Amino acid sequence: MVIRTRFAPSPTGFLHIGGARTALFSWAYAKKHGGKFILRIEDTDVERSTPAAVQAILDGMHWLGLDYDEGPFYQMQRMETYKQVLQTMLDNGTAYHCYCSKEELDALRESQMQQGLKPRYDGRWRPETGKTLPTIPNGIAPTVRFKNPQTGVVAWDDLVKGRIEIANAELDDLIIARADGTPTYNFCVVVDDFEMGITQVIRGDDHVNNTPRQINMLMALAAHDSNLKIPQYAHLSMILGGDGQKLSKRHGAVSVMQYHEDGYLKEAVLNYLARLGWSHGDAEIFNMQQFCEWFDLDHITPSAAQFNTEKLNWLNAHYIKEANLDALAEDISARLQPQGLSPQNIPAEAGYSYVKANIHKGSMASNLISAPDLKAVLNLYRERANNLNQLANDVAYFYTLPQASSADVEKHITPEIMPAMQKLQQQLTHIEWTAEAIHQAINAVVAEFGLKFPKLAMPLRVMLTGIAQSPSIDQVMALLGQNETLTRINAYLK
RNA sequence: GUCCCCAUCGUCUAGAGGCCUAGGACACCUCCCUUUCACGGAGGCGACCGGGGUUCGAAUCCCCGUGGGGACGCCA
C-alpha cells in the first residue's frame with residue numbers, strides 16, 4: 001500500500017511552529033515510506049480565510065523545504081463534490097435537515113450548561129421511526145446534520161496515543177452543512193481524506209475529539225462505498241510556550257517565518273522541531289535526510305512539549321558553523337543591507353572607502369582600499385555566533401566605522417599605553433600585512449614596553465572594532481586591512 | 001460541569017518488568033585552553049507526581065487519587 005499523508009491547515013493566519021511540526025512529521029512519514037505528501041488548504045470558513053494567509057503558509061513551507069507531491073488543493077474549489085456527497089447522505093438517511101435557529105441552539109446550550117450537562121444538540125429534528133417531527137417553520141433555511149449512531153462505541157488505535165474509545169452516547173448530531181449550504185470542517189475532512197486516499201492522518205491533538213465523529217461518518221459512507229478505508233490516526237500533542245503556557249496569537253505563537261527574521265537557519269529550526277516530541281535514542285543533531293530515514297510514529301511522545309529557545313540557539317550555532325560559506329555570506333549580506341551596508345555589492349576597485357563615503361557622507365578619510373572579504377570575515381566569526389542577526393551585527397564594523405562606548409575607551413585606551421600604541425602604529429606601517437607578522441609586531445612592542453599582551457590588544461580592539469570583545473586581534477587586523485587599521489588607530493592618536 | 005488525553009532532571013528526552021547506582025542533550029556551576037569575549041575540552045549539580053496493588057523483581061503493568069492539558073461552534 002502506498003502511504004499518503006497530508007497537511008491540512010486552515011488559512012486564517014501564518015504557519016506557526018506547531019503547524020510546522022505537524023507538516024514536518026507528515027512530510028517525513030511520507031518520505032520515509034516512499035509515499036506521497038499532500039497539501040490541502042481548508043478554507044471553508046469564508047469569514048476567516050484569507051489569500052494572504054494561504055501565501056504565508058506556502059512561504060513557510062517553502063522556507064523549510066517541506067515540498068508536497070500533490071496540491072495544494074483548496075476545499076472551496078471542491079464544493080461540487082461535497083454537495084454530491086451531502087445529497088447522497090440526505091437521500092440514504094444518514095443525514096437530515098435541522099430547522100433550529102442559532103438562537104434556539106444557544107438557549108439550549110446555555111440551559112444544559114446550567115444543569116451541569118454536556119452541551120449538545122438534543123436531536124429535535126432527528127428523524128426516527130414512529131416519531132413526529134416539528135412543523136417546518138417559515139423563513140428558516142435548514143442546516144444539515146449527520147445522524148450519528150446513538151449506541152455502541154467508536155474506537156481506534158491511535159498511532160501515538162494508543163487505543164481510544166468513545167461512547168456514541170457522548171456524541172451528538174453535528175452540523176455538516178451550514179444554512180447557506182456550505183459544508184463544514186468535519187464533513188469536508190472526511191470526504192477529502194477518503195477521496196484523496198489518505199492512509200495516515202497526522203494532526204494536532206485538538207482533533208482527538210473530532211475523530212470519533214469522523215470515523216462514524218466514514219462508516220456511514222462506507223456502507224454505500226466498498227472502496228472506503230478508514231485511515232489510521234496519529235495525534236500529536238501540542239507545543240507549549242517556553243513558560244509552559246499554551247501558544248496562542250497573543251502568547252508567543254510565532255510564525256515560522258519570524259524565526260527566519262530573527263536570525264535562525266532553517267536547518268536549526270527543522271532539527272529542533274524534529275526533536276520536539278520525537279526522538280531516536282540519543283541523537284540530537286541530524287539533517288533532514290537522516291531524519292526521514294529514522295522517523296517513525298512509535299517514538300513520538302504522547303505528552304505536550306515545551307518550546308525551549310536555548311536549545312534552538314545551540315542548534316543554530318551548530319548549523320552556522322556547518323553552513324556553506326557562500327550561502328552564509330549571502331544571508332548575512334542581506335541582513336547587512338537594512339543598515340546600509342552591502343559588502344557584496346561594492347565595486348572591487350571602489351573599495352572600502354566607497355562604503356564609508358556612502359555611510360558617513362564622506363566624513364572619513366578616503367584611502368582607496370578593498371573592503372574586507374565577507375566570506376573571510378564570516379569564517380573568523382561564525383565559530384562564536386549562535387544567531388545570524390547577531391553575526392551580521394558582529395561583523396558590521398568591517399564595513400562601517402564603529403562607535404566605541406566612552407566606558408570602553410576610558411577603561412582600555414589609557415594615557416599610559418599611548419606611547420606603546422604610538423610605537424606599534426609606526427611598526428605597523430612597514431610590515432608585511434599578515435596575521436603572523438602583525439602578531440610579531442605587537443609582541444615586539446609589548447616586550448619593549450614591558451607589558452602584557454592584553455594591555456595592547458584591548459585598546460586595539462576598542463579602536464578597531466568599537467568593543468572589547470573580538471576574535472584574535474591580529475586576525476582582525478589582517479582582515480581589516482593595513483590602511484583601515486592605521487586610519488582607525490590614528491584617529492585615537494590624534 | 002461532562003467526555004477525552006497526559007504525567008522521568010528547570011527544559012527536550014532515553015527507557016517496552018531485571019541491562020537503572022535511571023542514560024543523553026540544552027541550560028546552569030567548576031576547572032582547563034586563552035590575547036578579551038566566545039568556541040572547544042574535562043568534570044559537577046539535577047528527575048521516575050502520590051498511594052495502593054500485580055510480581056521473586058516496576059520508571060516500566062493495573063486501580064485510585066492529585067496535578068496539567070484538550071474538546072464540548074452553522075471555527076478549523
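These values consider heavy atoms only, across backbone and side chains, with no hydrogens, waters or symmetry-generated copies. Here the structure is a predicted model, which means the values were calculated and not measured.
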Sugar-phosphate or base contact per nucleotide [nucleotides 6-15 of chain B; S, B, -; heavy atom under 4.0 Å]: SS---SBSSS
Protein-to-nucleotide contact annotation, 5' to 3' order, nucleotides 61-66 of chain B [B base; S sugar-phosphate only; - none; under 4.0 Å, heavy atom]: ------
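Side chain of A:Glu383, nearest nucleotide from B:C72, B:C39, B:C3: B:C39. Picking from B:A76, B:U35, B:C39 the nucleotide with the shortest atom distance to the side chain of A:Thr184 gives B:A76. The nucleotide whose nearest atom lies closest to any side-chain atom of A:Lys118 is, among B:G70, B:G1, B:A25, B:G1. Comparing B:C74, B:G70, B:U35 by their closest approach to the side chain of A:Ile175 singles out B:C74.
Around the NZ atom of A:Lys32, the shell of radius 6.0 Å holds more than 12 heavy atoms that belong to other residues, nucleotides or ligands.
With rounding to whole Å, A:Ile438 atom CD1 is found 14 Å from B:U35 atom C1'. One interatomic measurement links the two molecules: CG of A:Leu315 to P of B:C26, which rounds to 9 Å at whole-angstrom precision. In this entry the distance linking CG of A:Asp394 with C1' of B:U36 reads 14 Å, nearest Å. Between A:Leu240 atom CG and B:C5 atom C1' there is a gap of 14 Å when expressed in whole angstrom units. As a whole-Å value, the separation of A:Phe187 CZ from B:A76 P is 13 Å. Straight-line distance from the CD1 atom of A:Ile176 to the P atom of B:C74: 13 Å, rounded to whole Å. Computed from coordinates, the A:Asn186 CG to B:C74 P distance equals 11 Å when rounded to whole Å. Remark: P of B:C72 and CG of A:Asp173 are 16 Å apart, rounded to the nearest angstrom.
Counting non-hydrogen atoms under 4.0 angstrom, A:Lys321 reaches the backbone sugars and phosphates but no base. Residue contacts for A:Pro454: at a heavy-atom cut-off of 4.0 Å it reaches the sugar-phosphate backbone alone, with no base atom in range. Base engagement by A:Asn210 is indicated by at least one non-hydrogen atom pair under 4.0 Å involving a base atom. Residue contacts shown for A:Arg120 are absent, as no nucleic acid heavy atom lies under 4.0 Å away. A:Pro471 comes within contact range of at least one nucleobase, with a heavy-atom separation under 4.0 Å. Using a 4.0 Å heavy-atom cutoff across all strands shown, A:Cys98 reaches no nucleic acid atom at all. Residue-level contact check: A:His412 touches neither bases nor backbone, having no heavy atom under 4.0 Å from any strand. Using a 4.0 Å heavy-atom cutoff across all strands shown, A:Thr44 reaches sugar-phosphate atoms only and no base atom. A:Asp474 comes within 4.0 angstrom of a base, heavy atoms only.
Salt-bridge check for A:Lys411 with A:Asp408: failed, with every basic side-chain N at 4.0 Å or more from each acidic carboxylate O. Ion pairing between a basic and an acidic side chain is recognised when a charged N comes within 4.0 Å of a carboxylate O; A:Asp106 and A:Lys102 show no such pairing. The pair A:Lys455-A:Glu416 does not count as a salt bridge, with every side-chain nitrogen at least 4.0 angstrom from each carboxylate oxygen. Looking at A:Asp122 and A:Arg109, no side-chain N of the basic residue comes within less than 4.0 Å of a carboxylate O on the acidic one, giving no salt bridge.
The same atom, P, is picked in B:C63 and in B:C5; the two are 11 Å apart, to the nearest Å. The separation of B:G68 from B:C56, taken at their C1' atoms, amounts to 36 Å, rounded to a whole angstrom. Comparing the C1' positions of B:A47 and B:U60 gives an interatomic distance of 15 Å, to the nearest angstrom. When the P atom is compared between B:G67 and B:C49, the two are found 16 Å apart, to the nearest whole Å. Comparing the P positions of B:A14 and B:G23 gives an interatomic distance of 15 Å, to the nearest angstrom. A distance of about 5 Å separates the C1' atoms of B:C9 and B:G46, rounded to the whole Å. B:A59 and B:U21 have their P atoms separated by 9 Å, given to the nearest Å. Of the C1' atoms belonging to B:U66 and B:C29, the separation is 34 Å, rounded to the nearest Å.
Base pairing analysis places B:G17 opposite nothing; no Watson-Crick or G-U wobble pair with both distances below 3.5 Å involves it. When Watson-Crick and G-U wobble pairs are counted only if both distances are under 3.5 Å, B:A7 pairs with B:U66. Base pairing annotation: B:C45 forms no Watson-Crick or G-U wobble pair, as no partner gives both donor-acceptor distances under 3.5 Å. Applying the Watson-Crick and G-U wobble criteria (two distances, each under 3.5 Å), B:U2 pairs with B:A71.
For B:G73, one of the phosphate oxygens OP1 or OP2 lies less than 4.0 angstrom from a side-chain nitrogen or oxygen of A:Arg109.
Across A:Arg382, A:Gln390, A:Glu267, a single residue satisfies side-chain contact (heavy atoms from CB on, under 4.5 Å) together with A:Ile320, and that is A:Arg382. For the side-chain contact (heavy atoms from CB on, under 4.5 Å) with A:Met288, the lone residue among A:Leu64, A:Leu270, A:Leu66 that qualifies is A:Leu270.
Position along RNA chain B of the nearest nucleotide to A:Ala468 versus A:Ala179 favours A:Ala468 as the more 5'-ward residue. Remark on RNA chain B: of its neighbouring residues A:Asp180 and A:Met113, the 5'-side contact belongs to A:Met113, judged by nearest-heavy-atom nucleotide.
The glycosidic torsion of B:C39 lies within 90° of 0, placing the base in the syn range.
Ring orientation note: the planes of A:Phe295 and A:Phe25 are tilted relative to one another, at an angle of 30° to 60°.
A donor-acceptor pair is defined here as one N or O able to donate and one able to accept, closer than 3.5 Å; no such pair exists between the side chain of A:Asp173 and the backbone of A:Lys147.
Between A:Val201 and A:Arg6, the closest side-chain pair of non-hydrogen atoms falls below 4.5 Å. Side-chain atoms of A:Val189 and A:Arg40, non-hydrogen and from C-beta on, do get closer than 4.5 Å to each other. Taking the side chain as every heavy atom from C-beta outward, A:Asn186 and A:Phe146 never approach each other to under 4.5 Å. Looking only at side-chain heavy atoms (C-beta outward), A:Pro9 and A:Ile41 come within less than 4.5 Å of each other.
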